[in-house]
J.: 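I have a structure I would like to understand better, so I am pasting it below and will then ask my questions one at a time.
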2 protein chains.
Amino acid sequence: MEVRLLSQTTEYALRATICLAYRQEGLVSTSDLATMTKVPMNYLAKVLQLLARSNIVTGRRGVGGGYKLTRAAEEISMLDVINAIDPIHRIKTCPLGLDNHSGTLCPLHRKLDESIEMLINQFSGITMADMIGELGDIRPLCDEDMTTQVELTMSGKK
Amino acid sequence: MEVRLLSQTTEYALRATICLAYRQEGLVSTSDLATMTKVPMNYLAKVLQLLARSNIVTGRRGVGGGYKLTRAAEEISMLDVINAIDPIHRIKTCPLGLDNHSGTLCPLHRKLDESIEMLINQFSGITMADMIGELGDIRPLCDEDMTTQVELTMSGKK
DNA sequence: GAGCAAGCGGACCTCCATGTCTAGATTAAT
DNA sequence: ATTAATCTAGACATGGAGGTCCGCTTGCTC
């Protein structure tokens with residue numbers, strides 16, 4: 001198969017969180033988020049619940065309900081989102097379960113652990129705020145028309 | 001679940017290749033490799049076939065048969081092994097399939113692509129030779145007694 | 001307070017990575 | 001030539017990630 005750095009579900013979670021970061025205030029419904037992120041709606045609902053349990057987003061029920069971030073986009077790192085879905089762990093003990101009480105990993109797992117450490121450092125330094133409009137042009141999710149899309153969705157409802 | 005940098009199968013492939021690198025010449029049978037790497041034998045057989053198809057190892061059948069590397073350990077990188085099992089791909093186009101002919105990824109996928117690039121660079125610079133006895137003490141796969149284990153296996157058969 | 005929009009939660013389905021099993025092909029040794 | 005060891009190849013089993021569906025709960029709006 002094909003190596004994916006992140007699981008599909010984690011990708012979905014990141015997309016959704018970025019969309020919510022883009023919409024600074026107000027609630028966004030699951031169905032709107034599903035449209036914008038191109039994630040199957042019923043599945044996205046589950047992903048959002050995971051994010052809610054990790055206190056990254058909060059939902060409100062009822063008419064006009066939806067989700068929003070629990071804190072500022074600057075305060076939410078990629079690592080936060082990743083760990084909410086499927087956490088990254090350093091390699092602490094030998095995966096073969098051999099006697100290595102000394103805590104010294106073999107070269108293979110040492111190198112792998114270094115790579116994981118690198119990724120964690122990388123991801124913990126990137127916030128949701130970095131994901132929206134780093135260029136002059138704002139395009140949160142690849143789509144040049146994200147801005148108008150969001151606005152259309154808003155006006156379509158109001 | 002839990003994020004794993006590499007798939008289980010890729011881990012297995014690396015372990016096996018490292019064991020073969022350690023045994024500089026001569027053939028090692030699948031069953032010996034399975035014991036040393038702690039990989040289910042029948043599954044390891046499949047993994048070795050994948051490595052053989054990618055020309056990283058060659059097998060010889062019959063009594064006294066087994067596997068060996070096709071070239072020196074210094075000539076086989078981690079990336080070679082990884083790509084033989086499940087290749088790492090850079091992100092070239094938007095995973096959402098949106099109009100981005102310009103070739104410019106959104107911040108999210110740009111960051112992810114950078115991480116992947118980092119990993120590829122890392123992995124392509126590490127060879128199987130780096131995996132055996134980087135420390136004074138030789139311990140290819142976490143096990144301090146790897147050396148004696150291999151020798152035992154050899155003498156046990158001869 | 002009735003009705004409806006939306007999140008919540010669980011049951012269920014599907015596919016693929018991982019793993020098992022078995023029969024066949026090849027080679028060395030006797 | 002026969003036998004035993006070993007790789008090769010494919011069919012089959014299993015568990016978990018990804019995805020669907022439906023009924024329940026909450027809380028607007030009128």
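Hydrogens, waters and symmetry mates play no part in the numbers below; they use all other heavy atoms, side chains included.
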J.: So which protein nitrogen or oxygen atoms get under 3.5 Å of nucleotides 19-24 of chain D's nitrogens or oxygens?
T.:
residue, atom, partner, partner atom, Å
D:dG19, OP2, A:Tyr12, OH, 2.8

J.: State plainly whether the residues A:Arg15 and A:Glu11 are in salt-bridge range, i.e. N to O under 4.0 Å.
T.: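 A salt bridge links A:Arg15 with A:Glu11.
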J.: Round to a whole Å and report the spacing from CG of A:Leu51 to C1' of C:dG7.
T.: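 Distance, rounded to whole Å: 14 Å.
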J.: Find out whether B:Leu112 and A:Leu6 are in side-chain contact, i.e. whether some heavy atom of one side chain is under 4.5 Å from a heavy atom of the other.
T.: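 Yes, their side chains come closer than 4.5 Å.
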J.: Just to confirm, is there a sub-4.0 Å distance from OP1 or OP2 of C:dG7 to any side-chain nitrogen or oxygen of A:Thr30?
T.: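 For C:dG7, OP1/OP2 do have a side-chain N/O of A:Thr30 under 4.0 Å.
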J.: Please report, rounded to the nearest Å, how far the P atom of C:dT18 is from the CD1 atom of B:Ile85.
T.: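 Those two atoms, CD1 and P, are 10 Å apart.
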J.: Got B:Val28 and B:Met36 here, is their nearest side-chain heavy-atom distance under 4.5 Å?
T.: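 Sidechains of B:Met36 and B:Val28: in contact.
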J.: So does B:Gln49 get a side-chain nitrogen or oxygen closer than 4.0 Å to the phosphate oxygens (OP1/OP2) of D:dC7?
T.: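 Looking at the OP1 and OP2 atoms of D:dC7, neither is under 4.0 Å from any side-chain N or O of B:Gln49.
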J.: With a 4.5 Å heavy-atom cut-off, do A:Ile126 and A:Met131 have their side chains touching?
T.: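 In contact.
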J.: Any side-chain N or O of A:Arg53 less than 4.0 Å from the OP1 or OP2 oxygen of C:dC8?
T.: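 False: A:Arg53 side-chain N/O out of range (4.0 Å or more) of C:dC8 OP1/OP2.
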J.: Can you check whether B:Leu5 reaches A:Ser115 side chain to side chain, under 4.5 Å on heavy atoms?
T.: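 They are in contact (side-chain heavy atoms under 4.5 Å apart), so the answer is yes.
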J.: What pairs of donor and acceptor atoms, side-chain ones from residues 50-74 of chain B against any protein atom, are under 3.5 angstrom apart with sequence neighbours left out?
T.:
residue, atom, partner, partner atom, Å
B:Thr70, OG1, B:Asn55, O, 2.9
B:Thr70, OG1, B:Ile56, O, 3.2
B:Arg71, NE, B:Glu75, O, 3.1
B:Arg71, NH1, B:Asn55, O, 3.2
B:Arg71, NH2, B:Asp80, OD2, 3.4

J.: Mind running a 4.0 Å heavy-atom check of residues 62-71 of chain B against DNA chain C and sending the residues that fall below it, in number order?
T.: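 Within this stretch, B:Gly62, B:Val63 sit under 4.0 Å of the strand.
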J.: Answer yes if the side chains of B:Thr9 and B:Tyr43 hold a donor-acceptor pair under 3.5 Å, and no otherwise.
T.: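 There is such a pair between these side chains.
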J.: To the nearest Å, how far apart are B:Leu6 CG and C:dT18 C1'?
T.: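 These atoms are roughly 16 Å apart.
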J.: When you compare the side chain of A:Thr37 with that of A:Tyr12, does any pair of heavy atoms fall below 4.5 Å?
T.: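 Answer no - side chains too far apart.
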J.: Report yes if the side chains of A:Pro95 and A:His109 come closer than 4.5 Å at any heavy-atom pair, otherwise no.
T.: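 SC-SC contact between A:Pro95 and A:His109 confirmed.
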J.: Tell me the interatomic distance from B:Leu27, atom CG, to D:dA5, atom C1', rounded to whole angstroms.
T.: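 Rounded to the whole Å, the gap is 13 Å.
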J.: Write down the distance between CG (B:Leu48) and C1' (D:dT6), rounded to a whole number of angstrom.
T.: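 Between C1' of D:dT6 and CG of B:Leu48: 12 Å.
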J.: Between A:Leu50 (CG) and C:dG7 (C1'), how many Å, whole number?
T.: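 In whole Å, C:dG7 C1' lies 14 Å from A:Leu50 CG.
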